[in-house]
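To start, the structure itself, in structure tokens.
Values below: every heavy atom of this structure, side chains too, minus hydrogens, waters and symmetry copies.
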Amino acid sequence: MTEVRMYTDGACRGNPGPGGWGVWLTAGSSEKELFGGVMETTNNRMELTAAIEGLTALTRNCQVAIYTDSEYLQRGITEWISQWKQRGWRTASRKAVKNDDLWRRLDELVSWQNVEWHWVKGHSGDPGNERADELANRGIDEMLASGQY
């Protein structure tokens with residue numbers, strides 16, 4: 001089974017505001033960069049989108065190690081999601097889960113792969129995290145420069 005290392009990050013200029021997501025994937029000596037932007041979004045939506053886009057890019061079943069600096073993403077998918085699903089996508093306080101559209105999609109994608117989730121401290125010099133952050137900001141910059149949003 002192919003082993004993939006995936007670094008994901010989301011960025012937002014204002015929250016909400018223009019946002020971007022970035023993914024850096026490596027498998028052996030191969031690597032791939034993915035990024036994109038959204039005009040009006042939140043940082044959490046971009047963190048989720050990065051993981052979704054990275055997993056969507058995989059063309060076969062893999063052993064995937066995902067590295068994120070988002071505790072929201074890492075804890076949501078490893079700790080909170082099972083309870084949300086049991087409660088019909090409601091929080092413990094019976095409020096609707098925010099970003100449930102993205103959580104549902106991520107849950108579906110994770111079920112097709114063997115995924116390990118790793119939290120890394122953001123902006124602390126981790127090369128993979130720094131690269132994913134650069135890609136997320138590139139997503140914002142290229143979207144704004146294109147004028148097509």
(request) Begin with the C-alpha distance, continue with both residues' side-chain angles, and end with the deciding distance and a verdict on side chain to side chain donor-acceptor pair (under 3.5 Å) for Gln83 and Gln86. (result) CA-CA 5 Å; Gln83 292 295 314; Gln86 286 178 352; 3.3 Å; yes

(request) Nearest 0.5 Å please: distance from the NZ atom of Lys32 over to the OG1 atom of Thr26. (result) 13.5 Å

(request) Give the C-alpha distance, both sets of side-chain angles, the deciding distance and a yes or no for side chain to side chain contact (heavy atoms under 4.5 Å, CB included) between Gln63 and Glu116. (result) CA-CA 8 Å; Gln63 173 70 41; Glu116 294 176 2; 3.4 Å; yes

(request) Please list, chain by chain and in numerical order, all residues satisfying side-chain contact (heavy atoms from CB on, under 4.5 Å) with Thr91, sequence neighbours excluded. (result) Trp84, Ser93, Lys95, Val97

(request) Could you tell me whether a side-chain N or O of Ser124 sits under 3.5 Å from a main-chain N or O of Lys121, the two making a donor and an acceptor? (result) yes

(message) For a quick test of reading the model, state the closest non-hydrogen atom pair linking Arg60 to Gln113 and the distance between them.
(response) O-NE2, 3.3 Å

(request) State, with a plain yes or no, whether a side-chain heavy atom of Thr49 is found less than 4.5 Å away from one of Leu102. (result) yes

(request) Could I get the full list of salt bridge (charged side-chain N to carboxylate O under 4.0 Å, His left out) partners for Arg75, not counting sequence neighbours? (result) Glu79

(request) Flag yes if Val4 and Tyr67 sit in one hydrophobic cluster, no otherwise; membership is Ile, Leu, Val, Met, Phe, Trp, Tyr, and two members link when side-chain heavy atoms are under 4.5 Å apart. (result) no

(message) Less than 4.5 Å apart, side chain to side chain, heavy atoms only: is that true for Thr56 and Arg105?
(response) yes

(request) Answer whether the closest heavy-atom distance between the side chains of Trp117 and Val110 falls below 4.5 Å. (result) yes

(message) If you compare all heavy atoms of Met46 against all heavy atoms of Trp21, which two are closest, and at what distance to 0.1 Å?
(response) O-CB, 3.6 Å

(message) When you compare the side chain of Asp9 with that of Asp69, does any pair of heavy atoms fall below 4.5 Å?
(response) yes

(message) In the structure I gave you, are the side-chain heavy atoms of Ile77 and Ile66 within less than 4.5 Å of one another anywhere?
(response) no

(request) Might you confirm whether atom CD of Glu108 has over 12 heavy atoms from other residues, nucleotides or ligands at distances under 6.0 Å? (result) yes

(request) Assess the pair Trp103 and Tyr72: is the distance between their ring centroids shorter than 6.0 Å? (result) yes

(request) Answer whether the closest heavy-atom distance between the side chains of Lys98 and Asn44 falls below 4.5 Å. (result) no

(message) Quick one, Leu73 with Leu106, criterion side chain to side chain contact (heavy atoms under 4.5 Å, CB included). Give me CA distance, side-chain angles, the key distance, then yes/no.
(response) CA-CA 10 Å; Leu73 171 59; Leu106 182 60; 3.6 Å; yes

(message) Tell me whether Arg90 is salt-bridged to Asp100, with the criterion being a basic N under 4.0 Å from an acidic carboxylate O.
(response) no

(message) If you apply the rule salt bridge (charged side-chain N to carboxylate O under 4.0 Å, His left out), what do you find for Arg45 with Asp101, and how did you get there?
(response) CA-CA 10 Å; Arg45 287 190 70 81; Asp101 58 328; 2.9 Å; yes

(message) I'd like to check Leu144 versus Arg13 (side-chain heavy atoms, cut-off strictly below 4.5 Å). Are they in contact?
(response) yes

(request) Can you see which heavy atom on Gln74 is nearest to which on His118, and at what distance? (result) CG-C, 4.4 Å

(request) Identify, with sequence neighbours excluded, every residue that meets side-chain contact (heavy atoms from CB on, under 4.5 Å) alongside Asp126. (result) Tyr7, Val120, Asn129

(message) Using every non-hydrogen atom in the two residues, find where Ile140 and Pro18 come nearest and quote the distance to one decimal.
(response) CD1-O, 3.9 Å

(request) Flag the pair Leu135 / Val23 as yes when at least one side-chain heavy-atom distance between them is below 4.5 Å, and no otherwise. (result) no

(request) Report yes or no: does Glu130 contribute a side-chain atom to a donor-acceptor pair with the main-chain N or O of Gly125 at less than 3.5 Å? (result) yes

